[in-house]
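Residue numbers start from 1 in every chain, and the chains themselves are labelled A, B, ... in the order their sequence lines are given, proteins ahead of strands. Computed from heavy atoms alone, side chains included, the values below leave out hydrogens, waters and symmetry copies. What you are looking at is a predicted structure, and each value in this text was computed from that prediction instead of being measured.
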There are 2 protein chains.
Amino acid sequence: MDEEVEERGSLVKFNIKDVAQKAGVSISTVSRVINSSKPVKQKTKDKVLDAIEELGYRPNAIARSLKVKHTKSIGIMTPDIANQFYPEVVRGIEDVANMYEYSIFLCNTDLNEEKELQYFAELEEKQIDGLIFLGNHVSKELRNEMESADIPVVLIGGKATGIPSVTINNEKAAKDAVDFLLNRNHRRIGIITGKMKDPMMGQARLKGYQKALEEKGIEVKEELVIEGGYRYKSGYDGAKRLMALKVPPTAIFVCSDEMAIGACRAILEDGHEIPKDVAIVGFDNVDISGKVYPSLSTIGQPMYEMGAIAMRLLTKILHNESIGASDIVLDYEVIEREST
Amino acid sequence: MDEEVEERGSLVKFNIKDVAQKAGVSISTVSRVINSSKPVKQKTKDKVLDAIEELGYRPNAIARSLKVKHTKSIGIMTPDIANQFYPEVVRGIEDVANMYEYSIFLCNTDLNEEKELQYFAELEEKQIDGLIFLGNHVSKELRNEMESADIPVVLIGGKATGIPSVTINNEKAAKDAVDFLLNRNHRRIGIITGKMKDPMMGQARLKGYQKALEEKGIEVKEELVIEGGYRYKSGYDGAKRLMALKVPPTAIFVCSDEMAIGACRAILEDGHEIPKDVAIVGFDNVDISGKVYPSLSTIGQPMYEMGAIAMRLLTKILHNESIGASDIVLDYEVIEREST
DNA sequence: TTGTAAGCGTTATCAT
DNA sequence: ATGATAACGCTTACAA
């Protein structure tokens, strides 16, 4: 009853030993042809290749990794892949990872330190060769883990001393955004910030706003700065509050496109016109921001490139082409569209 | 010169043997406490735990996998993570994968068969336990690979005999969408389809459109059906063409939200009003579709759930709780918003 | 309850 | 140019 063994050659898994046997050579020889690690006579090579073909043999990368001590896999930790901003940078990472033959493990942290730690442990156990971390802040504990695990990491969109990173200059970008508004003769400019505990999206961008105003000798009024968050809703609410002021702003700098879209909606709902009554500039240049109506003026972050460059940096580190920390800051652009 | 060995305990990697030594027990005992696979006396267990703690030991999952013959990793193949639709379902997958302690490898196929094959080989070599495939079609070759690799796969958004899948009833959903328009007394209804070679987004949805009209005894006019694609641009172009007709439609069913947003833009640009002059219904209920202006009436696909359920199905298969093929078809909903 | 040892599928060293 | 064989770090009979 148990001679169904070879009924479907497809269902039995072969290993290097089987190939060696079938080809009539040693397993070392098979290994050599698979990896082209040492010269093998053409004739024996052919025998081996035939055997591989016939058996449908696929090398076991797990076994290989155990021996060679790397996995050709890297981790990506992102706050939430379902948020507008990240898929594009993940795509950038993945494209170059693929070029260098790395696979990627994707993790969603929800900006939650517990989850970050848990995922990191998981990835460490799975012996990733490196990690790309998207987020504004790396916690002390995570920092420690990264160091003691001795896994190279590169940060996107955040900074931490000693860890290579790729970012844009958020403060300067924000300043440019409001300078743009200032040059259009707006003098009463509101801002809907990111979370204030967020060093990049929150603090740095607010700082840029302040600087721009101060430079022009304009006082920054408390009533005009509203702490937002990351999402649509907080942009919507923020704009409602701003427009309800006795004297509402003539322009609003909203620290993310998603919030900006929320703000536009709130403003339109209240019967104001964009940009006639209020001008809006967003931040990020998320895919959709050029497609909505009215299309959004915004600060363009090179999301795909940030991913691609970060991954490129990581491969350099992994191949010892580059040593230690290095902070890459990329160019952004101010994009003018219908909302201003 | 080489006694820098213990200068930073953190930089040297320990294995199970080191732990055993430090704790004064055998490695099997250590293994047992790590995996709680067999009872261990509390006292020895404590010794082991202490040793683990002190050394900062992390088990090597690669070595473990080699032995136990599974990796607790699964693959996701998606056309393009940067496209509106997929991140949400990937998130659904990831959340339940995480619950069951699986890690995910993310791959972008660009709907390209070569890439699919290449990725599949890569994932097979890395010994994934299962695969979730997002896409409308699985090619013959890929099919073969899947079978001979003996890796369980579940499909999202497509069907293939013998492979479990989770979908919605695209034809019926499309029919409901245009029925909705019909009930609003539209009689001249245009459609911008997906790619016609796409069985779900293209063919099935067009079929639903046809059926709805036929049922009402309305002839389907060739000039009113326009083949689109997946993206914004084709929706934009399609709407332009439709509105340029001598007698333009009073409503358009657009087979994806991204295209629908493009269509809205085109229509608004030409000075028509939505929904007064033309009503629009989209398909997908992508995150942004409720946030744009005018917000989009659409068919809501439960994207997150599709991912979550697919992953749940996969875990069942992996744990032998369920056998063979099974096709899950989920509910959709027609969502009425401002564009109708 | 604990220890010994074989084996998972590779690569790489050392002979030949 | 090729072949034996010892690792890689773990789990799991089997013995004690």
Lys/Arg-Asp/Glu bridge criterion (N-O < 4.0 Å) met for A:K13, B:D150: no

Whole-Å gap separating P (C:dC8) and CZ (A:F14): 16 Å

Spacing of A:Q21 atom CD relative to D:dG3 atom C1', expressed in whole Å: 15 Å

Distance-only polar pair, side chains of A:S31 and A:S28, donor-acceptor under 3.5 Å: no

From D:dT2, D:dG9, D:dC10, nucleotide with atom closest to A:L66 side chain: D:dG9

Sugar-phosphate only, base, or nothing, as touched by B:K69 at under 4.0 Å among non-hydrogen atoms: sugar-phosphate

Gap between atoms NZ and C1', on B:K38 and D:dA15 respectively (whole Å): 12 Å

Whole-Å gap separating P (D:dG9) and CZ (A:R64): 16 Å

Pairing of A:D110 and A:K115 as salt bridge, 4.0 angstrom limit: yes

Protein-nucleotide distance (B:I16, atom CD1; C:dG7, atom P), rounded to Å: 19 Å

A:E125 CD - D:dG9 C1' separation (whole Å): 13 Å

Side chain of A:Y57 - closest among C:dT10, C:dT13, D:dA1: C:dT10

Interatomic distance where NZ belongs to A:K45 and P belongs to D:dA1 [whole Å]: 10 Å

Protein-nucleotide distance (B:I62, atom CD1; D:dC10, atom C1'), rounded to Å: 12 Å

Nearest to side-chain heavy atoms of B:S31, which nucleotide of D:dT12, C:dG3, C:dT11: D:dT12

Closest nucleotide among C:dT13, C:dT10, C:dT1 to the B:P39 side chain: C:dT1

Sugar-phosphate only, base, or nothing, as touched by A:S28 at under 4.0 Å among non-hydrogen atoms: base

Sugar-phosphate, base or nothing in reach of A:I27, heavy atoms under 4.0 Å: base

Sugar-phosphate only, base, or nothing, as touched by B:T44 at under 4.0 Å among non-hydrogen atoms: sugar-phosphate

B:Q118 atom CD: more than 12 heavy-atom contacts under 6.0 Å: yes

Side-chain N or O of A:K17 closer than 4.0 Å to phosphate OP1/OP2 of C:dC8: no

More than 12 heavy atoms from other groups under 6.0 Å of CD on B:E53: no

Which nucleotide in D:dC10, D:dT2, C:dG3 has an atom nearest any side-chain atom of B:K67: D:dC10

A:N35 vs C:dT11: side-chain N/O to OP1/OP2 distance below 4.0 Å: yes

Upstream residue (5' side of DNA chain D) when B:N60 and B:R32 are each assigned their closest nucleotide: B:N60

